[in-house]
Amino acid sequence: EAGVTQFPSHSVIEKGQTVTLRCDPISGHDNLYWYRRVMGKEIKFLLHFVKESKQDESGMPNNRFLAERTGGTYSTLKVQPAELEDSGVYFCASSPILAGVHNEQFFGPGTRLTVL
Amino acid sequence: GNSVTQMEGPVTLSEEAFLTINCTYTATGYPSLFWYVQYPGEGLQLLLKATKADDKGSNKGFEATYRKETTSFHLEKGSVQVSDSAVYFCALTPGTGGTSYGKLTFGQGTILTVHP
């Protein structure tokens, strides 16, 4: 079974440009999460999809960030325009919906974003 | 809000040494607690978990006990190997509720390097 995949693995862009990150969750996982780790600090939650619906987007830093999950499969996270402080590693995770079970979240390898 | 505090690293040990990485948390209710590990070039993997007070999670020789009285979930291993070199993250979710489980709150991560 394929794991969570993320594309690209690295992205280097100039301040003011646009970048789109993609996450393909494990097939059948309705929960999809985005997290970010900035400058060796803690990993912080960005948002949570259940299928195509945003369940919780309380961690999105500002309106320069737009996440979508059309059709409830893969998800994209667009940063427009990118700022220097957006640099970091963006992780995606997925999990199934199973009532009454503490679901493990399966993580992708992350996308390292550098904004110059 | 919820928070997780890990001992600061990096931690450098010789092979077969004893490992402890401290983790304390702040949360309302009864969170579930996790240790995730990130090996070089890979995504985060669940190492172990505990879902209620006094539970002990264990995997690959690592152990951690959920201590509600001290709000702690310290990671231990009796004899580390070079292959244990990685970044270790303590994390929590807010406990049960509904059919999908929400965001993970992470500590800042501890880099472990084990020398032969």
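Proteins get letters first, then strands, A, B, ... in listed order; numbering begins at 1 in each. As a basis for the values below, the full set of heavy atoms in this structure was taken, side chains included, without hydrogen atoms, waters or symmetry mates.
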Does the side chain of [Y] come within less than 4.5 Å of [X]'s, by heavy atoms?
| X | Y | answer |
| --- | --- | --- |
| A:F45 | B:L104 | no |
| B:F89 | A:R37 | yes |
| A:I43 | B:T105 | no |
| A:K41 | B:F106 | no |

Spatial distance of atom CD (A:Q105) from atom CG (B:L44) [nearest 0.5 Å]: 10.5 Å
Spacing of A:E42 atom CD and B:T5 atom OG1 [to the nearest 0.5 Å]: 9.0 Å
Chi angles and distances behind the side-chain contact (heavy atoms from CB on, under 4.5 Å) call for A:F91, B:Q38: CA-CA 12 Å; A:F91 292 101; B:Q38 185 180 22; 3.6 Å; yes
Is the number of heavy atoms from other residues, nucleotides or ligands under 6.0 Å of [X] [atom1] greater than 12?
| X | atom1 | result |
| --- | --- | --- |
| B:E15 | CD | yes |
| A:F7 | CZ | no |
| B:K52 | NZ | no |
| A:K15 | NZ | no |

Chain A contact via B:Q6 - which portion, at a heavy-atom distance below 4.5 Å: neither
Any side-chain donor near an acceptor of the partner, A:S58 and B:K103, under 3.5 Å: yes
Hydrophobic cluster membership, A:I97 vs A:L47, 4.5 Å side-chain cutoff: no
Summary of ring pair (Phe, Tyr, Trp, His ring centres under 6.0 Å) pairs that have at least one residue in residues 40-66 of chain B, sequence neighbours excluded: B:F62-B:Y88
Residue pairs passing the disulfide bond (SG atoms under 2.5 Å apart) test where at least one lies in residues 41-87 of chain B, sequence neighbours excluded: none
Heavy-atom proximity to chain B below 4.5 Å, by part of A:Y35: side chain
